[in-house]
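Step one of this worksheet: look at the structure below.
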Amino acid sequence: MIFGIIGNNNKERLPEVVHKLCKSFKKEKIGFIVEEKLTNLISKRFKVKFNSAEKCSSALLVSKSDFIISIGGDGTFLSTAKLVGKKGKPIIGLNFGKLGFLAENTEHDINS
């Protein structure tokens with residue numbers, strides 16, 4: 001099982017949360033792929049490197065993943081849904097926005 005991680009790169013805390021999530025996935029030996037622009041933000045902020053199997057373009061991320069984690073707000077969730085299209089991949093929304101109607105999980109739900 002592989003989780004694809006994509007998010008709204010304009011959210012200040014996104015690199016920190018995704019870095020924490022990736023460390024948890026590695027510790028638990030859970031497969032993941034992060035959208036390439038997001039890996040660049042994380043690498044820049046935390047001085048970590050992602051290997052080629054852990055990052056790819058957003059288009060490839062959908063085809064290589066079993067589940068997609070969309071981090072941002074409802075707009076990010078809708079953009080992710082558009083990217084997923086008819087591929088039938090489940091999307092888990094993690095809300096960093098205000099309303100959270102579609103992306104109803106929060107950062108605090110990550111380790112729950």
Side-chain angles (χ1 to χ4, degrees):
M1 181 173 310
I2 297 176
F3 288 88
I5 304 169
I6 194 165
N8 181 341
N9 292 337
N10 294 319
K11 299 290 184 182
E12 178 75 27
R13 292 188 28 80
L14 180 68
E16 177 185 343
V17 170
V18 174
H19 180 245
K20 179 181 172 182
L21 184 59
C22 291
K23 287 187 342 186
S24 294
F25 281 170
K26 283 183 181 183
K27 181 180 177 185
E28 298 297 326
K29 296 181 173 54
I30 298 171
F32 67 91
I33 304 170
V34 181
E35 193 274 327
E36 195 164 29
K37 291 178 186 172
L38 182 50
T39 63
N40 294 338
L41 290 174
I42 296 166
S43 295
K44 188 175 182 181
R45 186 176 293 178
F46 296 101
K47 310 290 188 245
V48 297
K49 295 194 185 244
F50 288 82
N51 65 48
S52 61
E54 295 173 337
K55 63 181 179 178
C56 67
S57 69
S58 53
L60 282 176
L61 182 133
V62 172
S63 63
K64 291 182 172 188
S65 303
D66 298 305
F67 291 88
I68 309 297
I69 300 174
S70 175
I71 305 173
D74 288 345
T76 306
F77 189 91
L78 289 171
S79 295
T80 303
K82 184 177 179 180
L83 185 67
V84 169
K86 295 180 181 181
K87 294 179 181 77
K89 305 287 174 118
I91 304 169
I92 302 164
L94 186 62
N95 184 30
F96 270 24
K98 295 180 179 105
L99 182 58
F101 179 72
L102 299 171
E104 62 183 25
N105 297 301
T106 66
E107 175 183 349
H108 304 292
D109 295 323
I110 291 175
N111 292 325
S112 297

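In what follows, residues are counted from 1 in the order of the sequence shown.
By the rule that hydrophobic residues join a cluster once side-chain heavy atoms approach within less than 4.5 Å of another member, M1 and V34 end up as members of one cluster. Placement of I30 and F32 within a single hydrophobic cluster is found when ILVMFWY residues are connected by side-chain heavy-atom separations under 4.5 Å, directly or transitively.
Of the listed residues (H19, K20, R13), just one forms a side chain to side chain donor-acceptor pair (under 3.5 Å) with E16, and that residue is R13.
Put simply, the side chain of L14 reaches to within 4.5 Å of the side chain of I71, judged on heavy atoms. The closest side-chain heavy-atom distance from N9 to L41 is below 4.5 Å. Within the 4.5 Å cutoff, side-chain heavy atoms of L94 are placed close to those of V17.
Residues satisfying the side chain to side chain contact (heavy atoms under 4.5 Å, CB included) criterion with N10, sequence neighbours excluded, are N8. In terms of the ring pair (Phe, Tyr, Trp, His ring centres under 6.0 Å) criterion, residue partners of F3 (sequence neighbours excluded) are, by chain and number, F25, F67. Taking K26 as the reference, E54 meet the salt bridge (Lys or Arg N to Asp or Glu O under 4.0 Å) condition, with sequence neighbours excluded.
Within the structure, side-chain hydrogen bond (donor to acceptor under 3.5 Å, both in side chains) pairs that include any residue of residues 57-66 do not occur (at least two apart or interchain). Within the structure, salt bridge (Lys or Arg N to Asp or Glu O under 4.0 Å) contacts touching residues 34-50 (residues at least two apart or in different chains) are E12-R45.
Here the CD1 atom belonging to I33 is positioned 11.5 Å from the CD1 atom belonging to I6, to the nearest 0.5 angstrom. The structure places CZ of F50 at 5.5 Å from OG of S43, a figure rounded to the nearest 0.5 Å. Rounding to the nearest 0.5 Å places SG of C22 at 5.5 Å from CD1 of I42.
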Show me the donor-acceptor pairs, under 3.5 Å and distance only, between side chains in residues 79-87 and residues at least two apart or in other chains.
| unit_1 | atom_1 | unit_2 | atom_2 | d |
| --- | --- | --- | --- | --- |
| S79 | OG | G75 | O | 3.1 |
| T80 | OG1 | S70 | OG | 2.9 |
| T80 | OG1 | T76 | O | 2.9 |

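Under the 3.5 Å distance criterion, the side-chain polar atoms of K89 are left unmatched by any main-chain donor or acceptor of I68.
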Discussion item. As a quick check of understanding, evaluate side-chain contact (heavy atoms from CB on, under 4.5 Å) for L38 and V18, giving each step before the final call.
Written reply: CA-CA 9 Å; L38 182 50; V18 174; 3.8 Å; yes
